[in-house]
Amino acid sequence: PDFRANYGDDIRSYKDELFLLNRGLYQFYKNKTLIISPINTILRKLPKGKYFKTIDLEFAQTIDLSFLKKSLQLWGYESVNIIQERGEVSFREDIIDIFPINSETPFRIKLVETEIESIKKFDEYTQKSDEEVEGITILPAIASIEEKEFNQIVKNIENSEFNIFYKDYQGLGYWFLEK
């Protein structure tokens, strides 16, 4: 896809393009596929393959909830109360709602303590779950980075001269990926 954002723009306005770009780059690095893209996009500094780790969640899997929360935060997922669009996640007691950037629908994950009891697709408008699935793969919304790099990026964002309403990782983090 064409990624039309200019350096310093709030990425939230272009997140659909960014998510499509990340999905395409993931496929490129995973399957060594051919890339066909507008020259404007190809000439940009794009995240390298190491930034495209995944998290796989499956039925009956035991998960480390604090690790999952932290990873999704570092990867650019926005924590919200109610899921409405890609790149959002919600943690409520024994339920995790997530709309991975590489999915057409969000998912509701029910836990029994730390074990996944069920994973179901759900409608983001009615919030009702329906079709059960065996597992899901989650791609990073911005990039799969470590906490040290995340903290440095947040410092850089706070000290930046970009003129946007809310300076945070979801809005400006993409511009500070060093590698």
Side-chain angles (χ1 to χ4, degrees), residues 1-30 35-55 66-92 96-108 122-125 127 136-179:
D2 192 9
F3 187 52
R4 299 172 295 132
N6 292 313
Y7 184 71
D9 285 347
D10 188 336
I11 292 298
R12 284 182 194 84
S13 301
Y14 302 94
K15 69 180 175 182
D16 288 338
E17 292 173 15
L18 177 64
F19 296 165
L20 283 172
L21 178 66
N22 278 353
R23 287 163 57 177
L25 287 171
Y26 171 74
Q27 287 300 322
F28 171 74
Y29 288 117
K30 179 182 176 201
I35 290 184
I36 300 173
S37 185
I39 191 75
N40 181 50
T41 301
I42 293 294
L43 291 177
R44 291 180 180 273
K45 184 170 75 170
L46 299 172
K48 301 233 184 281
K50 77 171 197 157
Y51 286 114
F52 292 101
K53 297 175 187 165
T54 60
I55 295 175
S66 61
F67 173 79
L68 181 63
K69 283 181 182 180
K70 190 65 167 176
S71 294
L72 293 175
Q73 175 196 11
L74 297 175
W75 289 15
Y77 279 81
E78 191 166 1
S79 187
V80 296
N81 291 327
I82 298 174
I83 298 294
Q84 295 180 325
E85 50 192 36
R86 282 183 186 87
E88 294 180 338
V89 64
S90 173
F91 292 93
R92 296 182 319 276
I96 303 167
D97 288 344
I98 185 163
F99 202 152
I101 69 159
N102 53 310
S103 175
E104 297 303 315
T105 59
F107 296 93
R108 178 158 292 144
F122 77 94
D123 184 288
E124 65 266 31
Y125 302 108
Q127 297 292 307
I136 61 172
T137 297
I138 302 168
L139 292 181
I142 297 175
S144 55
I145 62 174
E146 302 297 324
E147 189 167 8
K148 183 179 177 184
E149 187 174 4
F150 177 84
N151 291 335
Q152 184 59 51
I153 288 172
V154 169
K155 280 183 190 174
N156 292 343
I157 290 169
E158 290 169 358
N159 296 326
S160 74
E161 295 182 15
F162 293 132
N163 188 22
I164 71 168
F165 182 70
Y166 191 63
K167 290 183 176 184
D168 66 351
Y169 184 68
Q170 280 80 19
L172 293 172
Y174 180 83
W175 304 119
F176 290 94
L177 294 175
E178 292 298 319
K179 299 177 179 84

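A quick note: this is a predicted structure, and the numbers were derived from the prediction, not measured.
Taking 4.5 Å as the limit, some side-chain heavy atom of Leu21 sits within range of a side-chain heavy atom of Leu46. Annotation: side chain of Asp97 is in contact with side chain of Gln127 (closest heavy-atom distance under 4.5 Å). Counting heavy atoms from C-beta on, the side chains of Leu177 and Ile145 come closer than 4.5 Å. Counting only heavy atoms from C-beta outward, the side chains of Tyr77 and Pro100 approach each other to under 4.5 Å.
For Lys30, the side chain to side chain contact (heavy atoms under 4.5 Å, CB included) criterion is met by Tyr26, not counting sequence neighbours. Every ring pair (Phe, Tyr, Trp, His ring centres under 6.0 Å) that Phe52 has, sequence neighbours left out, goes to Tyr29. Among residues two or more places apart in sequence or in another chain, the side-chain hydrogen bond (donor to acceptor under 3.5 Å, both in side chains) test is passed with Arg44 by none. Under the rule for a salt bridge (Lys or Arg N to Asp or Glu O under 4.0 Å), Lys155 has no partner lying at least two apart in sequence or in another chain. Evaluation of the side-chain hydrogen bond (donor to acceptor under 3.5 Å, both in side chains) rule for Asn151 yields no partner, not counting sequence neighbours. Residues meeting the side-chain hydrogen bond (donor to acceptor under 3.5 Å, both in side chains) test with Glu158, sequence neighbours left out: none. With sequence neighbours left out, the side-chain hydrogen bond (donor to acceptor under 3.5 Å, both in side chains) criterion links Ser90 to Arg92. With sequence neighbours left out, the side chain to side chain contact (heavy atoms under 4.5 Å, CB included) criterion links Phe165 to no other residue. For Asp123, the side chain to side chain contact (heavy atoms under 4.5 Å, CB included) partners two or more places apart in sequence, or in a different chain, are Tyr125, Thr126. Every residue two or more places apart in sequence or in another chain that forms a salt bridge (Lys or Arg N to Asp or Glu O under 4.0 Å) with Glu147 is listed here: Lys70. With sequence neighbours left out, Glu104 forms a side chain to side chain contact (heavy atoms under 4.5 Å, CB included) with Arg23, Arg86.
With values rounded to the nearest 0.5 angstrom, Ile98 atom CD1 is found 6.5 Å from Leu68 atom CG. Here OG1 of Thr105 is found 6.5 Å from CZ of Phe99. Values are rounded to the nearest 0.5 Å. Atoms CD and CD, from Glu78 and Glu88 in turn, are 6.0 Å apart once rounded to the nearest 0.5 Å. Rounded to the nearest 0.5 angstrom, Asp9 CG and Asn163 CG are separated by 11.0 Å. In this structure, the separation between OH on Tyr51 and CD on Glu149 is 3.5 Å, given to the nearest 0.5 Å. Annotation: the span from Thr137 atom OG1 to Ile55 atom CD1 amounts to 10.0 Å, rounded to 0.5 Å.
In terms of heavy atoms, Gly8 sits closest to Ile164 at O-CG2, 3.8 Å. Of all heavy-atom pairs spanning Thr54 and Trp75, the tightest one is C-CH2, 3.7 Å. Heavy atoms only, all atoms of each residue included: Ile142 and Asn22 are closest at O-ND2, 3.2 Å. Nearest heavy atoms, Asp10 versus Gly171: OD1-CA, 3.2 Å. Residues Asn102 and Leu139 approach most closely at OD1-N, 3.4 Å, considering heavy atoms. Considering all non-hydrogen atoms of both residues, Ser37 and Pro1 come closest at OG-O, 3.6 Å.
You'll find the ring centres of Tyr174 and Tyr14 outside the 6.0 Å limit.
Evaluation of the salt bridge (Lys or Arg N to Asp or Glu O under 4.0 Å) test over residues 159-171, restricted to residues two or more places apart or in two chains, returns Arg12-Asp168.
With hydrogens and angles ignored, the 3.5 Å screen pairs no side-chain donor or acceptor of Tyr169 with any backbone N or O of Val154. No side-chain donor-acceptor contact under 3.5 Å links Trp175 to the backbone of Ile11. Panel note: side chain Glu17, backbone Arg4; a donor-acceptor pair is recorded below 3.5 Å.
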- Phe162/Tyr7 under ring pair (Phe, Tyr, Trp, His ring centres under 6.0 Å): CA gap, chis, key distance, verdict: CA-CA 9 Å; Phe162 293 132; Tyr7 184 71; 5.1 Å; yes
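Between Glu146 and Lys53 a salt bridge is recorded (basic side-chain N to carboxylate O distance below 4.0 Å).
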